Structure formats: C-alpha cells, structure tokens
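None of the values given here were measured: they were computed from a predicted structure.
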Amino acid sequence: MTNRFPHLRQDFAASLVVFLVALPLCVGVAVASGVPAELGLVTGIVGGIVTGLLPGSSLQVSGPAAGLTVLVFEAVRQFGLPALGVVVLAAGVLQLVLGALKWGRWFRAISLSVVEGMLAGIGLVIIAGQLYAAAGLKAPASGLAKIAGLPGAAVDALRSTEALVSLAVGAGTIAVLVLWQRTPRRVRAVPGALTAVLLATVVSLALGLPVATVEVRGLFGAVQPPGAEAFGVLGRPAIFGTILAFALIASAESLFSAAAVDRLHSGPRTRYDRELMAQGAGNAVCGLLGALPMTAVIVRSSANVQAGARTKASRVLHGVWLLLFAALLPAALALIPLPALAAVLVHAGWKLIPLRQLVSLWRGYRGEALILVVTAVSIVAVNMFEGVLIGLALSVAKTAWEASHVRLEVVDKGAGPVRARLAGNATFLRLPKILDSLEALPQDRPVELDLSGLHHLDHACRTALESWAERHSAAGTDPVKVTAPRAATHAEAPAP
C-alpha cells in the first residue's frame, strides 16, 4: 500500500482538514442560496469525488462557493428551484465545450481588477443579505435594496428580543472566527469556521436560545433531478444569460484560484483547459442531481496545501467524508443555528472585498482601481452578470485608450518647412487631438509629416491625415510631404 500510495498518510490527514473546512461552508452557502442545506453537501461531494478524480489541477478543491451565492439565489427566485438543475447542467456543458476548444488559458487574460471587483460586489451583497439572516429577518430581493434597507432592519431588530438573541449568536460566531486566527498554530489545526459553528450550536442548545436552525430533508429527499417539465425553462430567453453568467463566472473563479494555488506549492502545474473541462464535468453532474453549481474554492484549496496534501487523493477523500456525513449524520444539521451560518458567510463575504489591493491600486494604477470599484458598485446596483459586463467593457476601453498613446513633435525653425513627427499608436481614439495640433500649423508654410515613428496607424487616422494634407496643400503652399510608417512599402509618399 505504501509503495503504491507513497503519500497516503499526508493526503489522508489533509483530507480530514479540508472536510472540516468544507462542511460548514457547504451548508452555509446552500442556506444563503435559498436551497436545501443537503444540496450544498451534494455539490461538495461531487466536487471532491468527480472533479477530484479528473486531470487539471492536482491540489485545488472544488465545491459550492460563496462567490456564486448571489447568482444562485437570483436564479432560484426568478426561475424556481426545479430549473436550477437545468441551469447548472447547461453551464457545465458550456464549460466542457470551452475546455475542448482550449479556451481555458484565455480566462487568465481577464483583467484582475474586474475579477476582484466582481468578488467585492458579491461580498457586499452577501454581507448585506446575511445580516438580515443573522437577525432572523427577511432580506429584500435586490442588492441595492438589501443595503438601503439595513437601517430599517436595525430598528426592527432592536424592537425584537428574538432578533437580538439571533444577532448575538451571529456576533459571537464572528468573534470566534476573528479571534481564532490569533490562537497558537496547533489550535488552528481545527478550522475556525467549524469551531465557531460548533460553539454556537452548543451554546444555543445549552441555553435553549430561541434561534432558527437548519431545516433537514435528508439527502435523498433533497436531491431532485430536473424532470422533463423543468427543461421547459429553456424556452425563456432570459435563462441563457443566467447560464452564460454561471459558466463564465465559475470558470474565471476556478482558473484564477488554480493560478493562486500553483503559487502555494511546487508540484505539478495546472493544465487550464483540462481543469476547465473537469469543472464542467462536475457541474454537469451537479445539474443532473439538481444541486448547486461548483467552482474551485481558494479557502479549501489553500487549506489542502497547507495541511500537507501531495496528490489529488486528498480532495477525493474529502468528498468521501462529506458523503459519509450526509448519509449517516444528516440529523446533525438540524441542530445548527442559522445565525451562526449567516455569520460564517458574513466573514467569508468580508474576505472577498480586497481593501488592501484597492489601496495599493489607487496609489499606483488609479484606472484599475476605478474599474474595480465600478464593477463592484454595478453588481450591487444592477446584478451580477451585467455588473461583470460593465467591468469588462471598462477594462477593454481603458486598454484601448492606453494602447492608442501617440506623441506629436513639431519642429519649426522659423524658415523653411515645418516638420511634424508622429510616434506611437495612431488610432481613432486620439484622432481629435492629432487633427487639432496639425490644423494649428501655419497655413502659409510647407509641412513635412513624418509617420515613420508609428507602430500602428488605423484606417480612420490614415484617411483623416490624407484629408488634412489635401486641405493644407490646397492653400497654395507646396504639397505636404508624408514619410510613411515603417510598415509601408515605400519610405516617402506625397499627399494625394
């Protein structure tokens, strides 16, 4: 056994750590998404056993993620729980297609500011929504309404003893999560989230606190594969935007997580296209089971690496432990207070907001910081999919603007021709500035226009420069002499 599995001891120990980290998160994400708690465990099981066995990344761990909570909640609210399996299945198939087309590597080209803005927006919505859950109150539907309604919710909570008790349980859970990071390293071998939830459960039971707990249906009662009628939702055009959002956001988060995990260990590197297909296969299975979508989760993945995992056996075993728990101890879920799970997600949402990165970006790259903030605000104000599209559009526009940097140098010695030299990238974005400068040149003097310093000259700029040269030459002066860009077939060409 030792010869066939030389790292079994390390992988076995790491799998237990990852299982303890994943358990409260799987349940918490499911409850926050508005679906039965067991479905979070199902996704964790599939992420461990199915995706864990497939090639791609050797050490990152997949399961239900806080980053998809808002999207899942909106999908369930709009299309109903039976349609969730159809959406997740279709998103998984799309991921498989993208992986087969070798698009996995292109997800690494997405602006990091857009991804961090996406996570920040998700984090804000999660925090706002789970504060209502921590008080036992019903949260508004939209992200903006959640944030705007917090003052009123606070007033309502202060008037209710049960709400105050529920908030106290949640606040205590967050306190344990924060203070747990300051305990000795040996103590931190037990995950903070699990410890906080266990303590909240014990205290609630011991004191008989009037707090809501997780509703339990049983594993087989919660799993509802989508029937033929559920696929009728594909006749609604709005569903395809949701499917695309599931696929793209889950893929981006998984592959960014893979890049981060690769920096934590010296083992085999991630094969991005295969990892994308592995995520697609996992989501397809989750869809067939009517469960939550999955993505690679950096919290579980980093815990796996730090616990000493060496091979993919650790993530597969963590899925086995989740399966055994869901099959043998489902009643234990009914003891968990909902405000404790809400607190775990508030803490997770806070960690999604990159405050330190935002400060450093603002100091060195204000354009990137602006993209991050606008993406986050758009997600809160509109929705996840459109917010990400706004961020991507801003990123592309910023890149196009920077790529069109051009410099115009004018040399006028007072006699003879005026020499104007363009260098850089002349695109339509900079055309107004170029024309303003050229039209300010003396009309009664010959002009020599040197374009040899241009790396790129688009059609709009070329046409506009030719038109300007014609107008200037028509004033009775010598024709404008144009030195063509280096890529041109001749070095010098008079204006037509």
Side-chain angles (χ1 to χ4, degrees), residues 109-114 117 358 360-378 381-382 386-496:
I110 297 176
S111 168
L112 186 59
S113 296
V114 175
L358 181 58
S360 61
L361 275 178
W362 183 253
R363 291 173 179 171
Y365 306 93
R366 293 196 174 183
E368 295 295 328
L370 183 63
I371 291 172
L372 191 158
V373 172
V374 170
T375 303
V377 171
S378 299
V382 189
E386 293 178 12
V388 171
L389 289 181
I390 291 171
L392 288 174
L394 275 179
S395 180
V396 171
K398 174 180 174 293
T399 302
W401 180 259
E402 292 178 344
S404 65
H405 178 73
V406 67
R407 184 175 65 257
L408 175 63
E409 297 177 352
V410 177
V411 179
D412 185 358
K413 296 182 179 180
V418 177
R419 293 182 173 84
R421 185 175 188 274
L422 281 170
N425 299 294
T427 70
F428 69 95
L429 294 172
R430 302 286 183 169
L431 187 54
K433 181 179 179 180
I434 295 172
L435 289 178
D436 286 345
S437 300
L438 291 176
E439 289 170 353
L441 297 178
Q443 293 292 321
D444 57 349
R445 302 268 300 282
V447 174
E448 295 179 0
L449 181 59
D450 183 3
L451 306 181
S452 62
L454 291 177
H455 304 297
H456 175 71
L457 176 65
D458 71 7
H459 179 70
C461 270
R462 181 183 293 275
T463 303
L465 290 176
E466 289 174 352
S467 298
W468 168 81
E470 288 180 359
R471 293 194 304 272
H472 189 87
S473 302
T477 60
D478 294 337
V480 176
K481 292 184 177 180
V482 181
T483 303
R486 294 173 185 173
T489 56
H490 50 279
E492 188 171 290

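When the side chain to side chain contact (heavy atoms under 4.5 Å, CB included) test is applied to Val411, the partners found at least two apart in sequence or on another chain are Lys413, Arg419. Under the rule for a salt bridge (charged side-chain N to carboxylate O under 4.0 Å, His left out), Glu386 has no partner lying at least two apart in sequence or in another chain. With sequence neighbours excluded, the residues forming a side chain to side chain contact (heavy atoms under 4.5 Å, CB included) with Thr427 are Ser404, Leu429, His456, Asp458, listed by chain and number. With sequence neighbours excluded, the residues forming a side chain to side chain contact (heavy atoms under 4.5 Å, CB included) with Pro446 are Pro417, Asp478, listed by chain and number. Leu431 meets the side chain to side chain contact (heavy atoms under 4.5 Å, CB included) test with Leu435, Cys461, Ala464; sequence neighbours excluded.
Distance check, rounded to the nearest 0.5 Å: CD of Glu439 to NE2 of His472 gives 11.0 Å. Distance check: Arg445 CZ to Asp412 CG gives 4.5 Å after rounding to the nearest 0.5 Å. Arg407 CZ to Asn425 CG: the interatomic distance, rounded to the nearest 0.5 Å, is 11.0 Å. Atom CZ in Arg471 sits 9.0 Å away from atom CD in Gln443 (nearest 0.5 Å). In this structure, the separation between CG on Leu422 and CG on Leu408 is 5.0 Å, given to the nearest 0.5 Å.
Nearest approach of Gly387 to Ser378, heavy atoms of both residues: CA-CB, 3.7 Å. Nearest heavy-atom pair across Ser113 and Leu361 is OG-CD1, 4.0 Å.
A 4.5 Å side-chain heavy-atom check between Leu465 and Val482 finds every atom pair outside the cut-off. Between Ser437 and Val410, the closest side-chain pair of non-hydrogen atoms is not below 4.5 Å. In this structure, Leu438 and Leu449 have side chains that are in contact, with non-hydrogen atoms separated by less than 4.5 Å.
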Below 3.5 Å, can you tabulate the donor-acceptor pairs from side chains in residues 388-398 to any protein atom, sequence neighbours excluded?
residue	atom	partner	partner atom	Å
Lys398	NZ	Glu368	OE2	2.9
Lys398	NZ	Glu402	OE1	3.3
Lys398	NZ	Glu402	OE2	2.9

